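Remember, it's 1-based here, ligands and their atoms both numbered in the order they're listed. These figures come from a predicted structure and were not determined experimentally.
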Amino acid sequence: MHPKIVEAVSEAVARGYQIHPDAIELLESVVEKIDVNLVLREALLRKLHAGEIQSVLTGEEVQAMVAPLVVTAEPEQASKPSSSPLRPEEVAEVEVLKDPTEVIAPLEGLEGYRSLFMSRLYKLYNVVKQRPDSRQVRSISSLNRTAGQEAKVAGLILEKKLVRNRVELVLDDETGCLDVSVNGPEALSLSSEFLQDQLVIADIRFGRSGAAVAKTILHPDVPDRTPSYSKKRVYAVLTSDIHIGSRTFLFEAFQRFILWLSGRLGDEEIVSRVRYLVVAGDLVDGVGIYPDQQRDLEEQDVSRQFLKLAQLLEQVPKQITIVLTPGNHDPVRQALPQPAIPRDYAEPLYALDNARILGSPAFLRLNGVSILAYHGRSLDDVVATTPGLSYARPAIAMKLLLKARHLAPIYGGRTPIAPEREDHLVIEEVPDIFHAGHVHVLDRDEYRGTLILNSGAWQSQTAFQANMGIEPTPGIVPLVDLSTLTTITRNFTKPSGQEGA
Ligand code: D5M
Ligand code: FE
Ligand code: ZN
């Protein structure tokens with residue numbers, strides 16, 4: 001008997017079931033094509049649902065499970081509409097609006113950082129200028145600092161200190177620095193949201209001592225807007241953090257997800273409309289990412305990790321465009337922005353005709369709907385430095401990035417940022433969908449017309465995450481209906497693929 005069948009059968013027997021020899025024969029005939037363990041589990045689950053505990057699993061019952069999974073090679077059968085519930089006339093249209101891969105140009109050390117922060121400031125000034133209330137921003141060096149003088153300034157937060165009942169900020173706008181104190185409950189609660197090195201706009205008034213007090217202080221923020229919708233009802237499946245190669249990678253759940261995407265687990269009405277699969281980084285677990293990672297790896301060779309990923313993604317139907325962007329576990333520079341994963345590691349992914357391999361952040365348009373896909377490493381710094389935030393609600397941390405109009409403002413924290421000539425991490429255009437991962441927790445929010453999604457993971461809790469108090473929600477996938485920007489989820493951790501909220 002094939003070892004996989006031995007394994008599957010002993011599992012079934014351990015649960016109190018017997019397997020009829022016809023069923024075993026049938027499994028032997030398909031063992032190379034499908035996951036027999038999965039088939040047996042599904043079949044047993046059906047029996048359990050039917051109230052049949054500790055009975056014999058027959059050949060017919062196994063056949064009923066196997067039939068939809070085995071694709072026949074007959075060309076005329078394969079082209080029959082009944083075997084293909086997808087509507088191939090509705091093809092995927094991915095427009096890549098921004099991809100850092102070809103444009104990144106790091107400079108040397110200090111000069112690079114100067115250039116980066118100048119670019120950040122100018123890009124954010126352009127954002128600020130679009131606000132009707134902020135056209136009269138004065139440069140810090142031109143301020144008249146006599147008592148009673150008022151002005152509007154905009155600068156990057158160089159320092160932020162909480163002193164008793166007020167916040168002391170140092171703003172820098174490249175012409176100079178300004179100490180600003182923020183008083184009053186409203187301003188105080190707002191300033192707890194401000195991230196180090198982000199831009200803020202302040203209405204200030206100079207006091208007798210020559211110190212500036214902020215009357216109001218604002219994020220660059222996004223205007224209240226109506227997003228764009230697709231004319232056709234097509235779905236984008238958003239995911240991230242697959243972590244192939246890790247011992248805690250949920251192979252079975254991921255395989256079930258791929259089977260579902262390929263239309264082999266029913267749910268036709270939805271599946272037939274999926275046209276995009278966007279993966280926001282941590283495709284593989286990588287090697288040497290953290291000390292002693294070998295202990296946690298099932299596959300130690302990063303090229304083989306990609307080969308495994310490609311073997312799984314190969315089964316995704318060709319009318320679904322797969323967008324693959326890197327994360328901090330992938331073999332590409334860690335400093336943001338990250339270029340696309342290079343061919344030398346990931347040739348099998350490049351060989352997939354329906355895959356687009358891009359850098360991070362990537363700004364795309366899918367059937368007219370814009371999406372910003374970014375791994376989300378900086379969420380660690382946002383959560384660590386903002387009172388009230390936690391890893392349980394990454395979408396709230398993502399909302400702060402949107403308000404700050406920057407994907408990774410905090411410099412000098414855990415997130416490495418490259419000394420680029422231009423700051424590619426400023427959110428110049430507001431996306432219809434803001435997609436990130438990294439935190440391994442599925443979360444959704446909405447902010448002024450933008451759908452915010454953190455897409456969870458395919459890795460169960462690691463010892464490290466347990467220490468950090470991170471409770472991942474792996475195996476649950478959000479799908480966005482691009483014609484309405486509403487979200488549904490599917491949970492692949494359970495054999496029957498039940499619908500989530
Ligand atoms: O990160 C998965 C999650 O684990 C993410 O929320 C951050 C957290 N994490 C991972 N490594 C670290 C370190 N070194 N410090 C703090 N938090 C961490 P992933 O990128 O998948 O490893
Ligand atoms: Fe991850
Ligand atoms: Zn990550």
Side-chain angles (χ1 to χ4, degrees), residues 238-251 253-254 257 278-299 302 305-306 308-309 324-341 358-362 373-386 389-398 400-401 407-408 410 412-417 425 434-443 452-478:
L238 307 186
T239 194
S240 59
D241 298 274
I242 307 176
H243 289 269
I244 303 254
S246 164
R247 288 189 198 281
T248 42
F249 164 55
L250 297 174
F251 176 77
F254 193 73
F257 167 55
V278 182
V279 191
D282 283 0
L283 309 182
V284 296
D285 208 55
V287 290
I289 304 294
Y290 56 86
D292 295 327
Q293 189 188 10
Q294 307 89 291
R295 288 182 312 203
D296 302 335
L297 288 179
E298 179 182 75
E299 174 54 69
V302 75
Q305 293 175 354
F306 279 111
K308 286 186 180 179
L309 177 62
L324 300 168
T325 62
N328 53 305
H329 280 257
D330 296 306
V332 67
R333 91 170 182 188
Q334 294 289 298
L336 303 182
Q338 294 184 280
I341 294 161
L358 306 175
S360 173
Y374 157 61
H375 180 58
R377 180 89 187 258
S378 54
L379 295 172
D380 288 336
D381 291 310
V382 176
V383 169
T385 62
T386 310
L389 289 194
S390 81
Y391 280 119
R393 288 298 318 272
I396 299 186
M398 289 169 70
L400 291 191
L401 296 178
L407 290 171
I410 303 168
R414 288 190 212 149
T415 311
I417 295 169
L425 301 170
F434 178 22
H435 171 204
H438 183 59
V439 177
H440 295 201
V441 173
L442 177 67
D443 195 18
I452 300 175
L453 266 172
N454 196 292
S455 55
W458 295 96
Q459 186 184 35
S460 60
Q461 194 185 45
T462 62
F464 181 86
Q465 290 162 0
N467 278 335
M468 297 277 296
I470 298 171
E471 294 283 349
T473 58
I476 309 172
V477 176

Which of these passes side-chain contact (heavy atoms from CB on, under 4.5 Å) with I242: D282, L309, L324?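 With I242 as partner, D282, L309, L324 yield a single side-chain contact (heavy atoms from CB on, under 4.5 Å), made by L309.
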
Heavy-atom gap R414 to ligand 1 smaller than 4.0 Å: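 Within the 4.0 Å threshold, so yes.
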
Could you check whether any heavy atom of R377 sits closer than 4.0 Å to an atom of ligand 1, since that is the contact criterion I want to use?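 Per 4.0 Å heavy-atom rule, R377 does not contact ligand 1.
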
Taking non-hydrogen atoms only, is [X] closer than 4.0 angstrom to ligand 1 via side chain, backbone, both or neither?
X    : answer
I470 : side chain
Y391 : side chain
T462 : neither
L379 : neither

Looking at the Zn ion (ligand 3), is there an N, O or S atom belonging to [X] that lies under 2.8 Å away from it?
X    : result
H438 : yes
H329 : no
D241 : no

Looking only at heavy atoms, which two atoms of [X] and [Y] are closest? And how far apart?
X    : Y    : answer
Y391 : M468 : CE1-CE, 4.1 Å
P361 : P337 : CD-CB, 3.8 Å
P331 : V284 : CD-CG2, 4.2 Å

Is the closest N or O pair between [X] and ligand 1 shorter than 3.5 Å?
X    : result
H438 : yes
H243 : yes
H440 : yes

Nearest-0.5 Å distance, [atom1] of residue [X] to [atom2] of residue [Y]:
X    : Y    : atom1 : atom2 : value
T239 : F254 : OG1   : CZ    : 7.0 Å
E471 : S390 : CD    : OG    : 11.0 Å
N454 : I396 : CG    : CD1   : 12.0 Å

Indicate yes or no for a side-chain donor-acceptor contact from E299 to the backbone of S246 under 3.5 Å, with no hydrogens or angles considered.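 Not a single qualifying donor-acceptor pair exists.
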
Residue pair H329, H375: steps toward the ring-ring contact (aromatic ring centres under 6.0 Å, His included) verdict: CA-CA 10 Å; H329 280 257; H375 180 58; 7.9 Å; no

Rounded to 10 degrees, the angle NE2 of H375 makes with OD1 of N328 at the Zn ion (ligand 3):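 Roughly 80°, rounded to 10°.
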
Could you check F257 against W458 for ring-ring contact (aromatic ring centres under 6.0 Å, His included), going step by step and ending with a plain yes or no? CA-CA 10 Å; F257 167 55; W458 295 96; 5.0 Å; yes

To check your reading of the model: name the closest protein heavy atom to [atom], its residue, and the distance in Å.
atom                    : result
atom 20 (O) of ligand 1 : N328 ND2, 2.8 Å
atom 18 (C) of ligand 1 : F464 CE2, 3.1 Å
atom 22 (O) of ligand 1 : H329 NE2, 2.7 Å
atom 7 (C) of ligand 1  : D380 OD1, 3.2 Å

Using the Fe ion (ligand 2) as the apex, give the angle to atoms OD1 (D241) and NE2 (H243), rounded to 10 degrees.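 It rounds to 110°.
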
Name of the D282 atom (N/O/S only) found closest to the Zn ion (ligand 3):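 Checking each N, O and S atom of D282, the shortest distance to the Zn ion (ligand 3) belongs to OD2.
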
Can you check salt bridge (charged side-chain N to carboxylate O under 4.0 Å, His left out) on D296 and R247, steps first, answer last? CA-CA 6 Å; D296 302 335; R247 288 189 198 281; over 6 Å; no

I'd like to know if the Fe ion (ligand 2) has an N/O/S atom from H440 within less than 2.8 Å of it, counting both backbone and side-chain atoms.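 For H440, the answer is yes, given that an N, O or S atom comes within less than 2.8 Å of the Fe ion (ligand 2).
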
When you measure from the Fe ion (ligand 2) to the N, O or S atoms of H375, does any of those distances fall below 2.8 Å?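 So H375 does not count as coordinating the Fe ion (ligand 2).
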
Give the atom name of whichever N/O/S atom in D282 sits closest to the Fe ion (ligand 2).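 Result: OD2.
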
May I ask you to check whether S460 and T248 show a side-chain donor-acceptor distance below 3.5 Å?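 No.
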
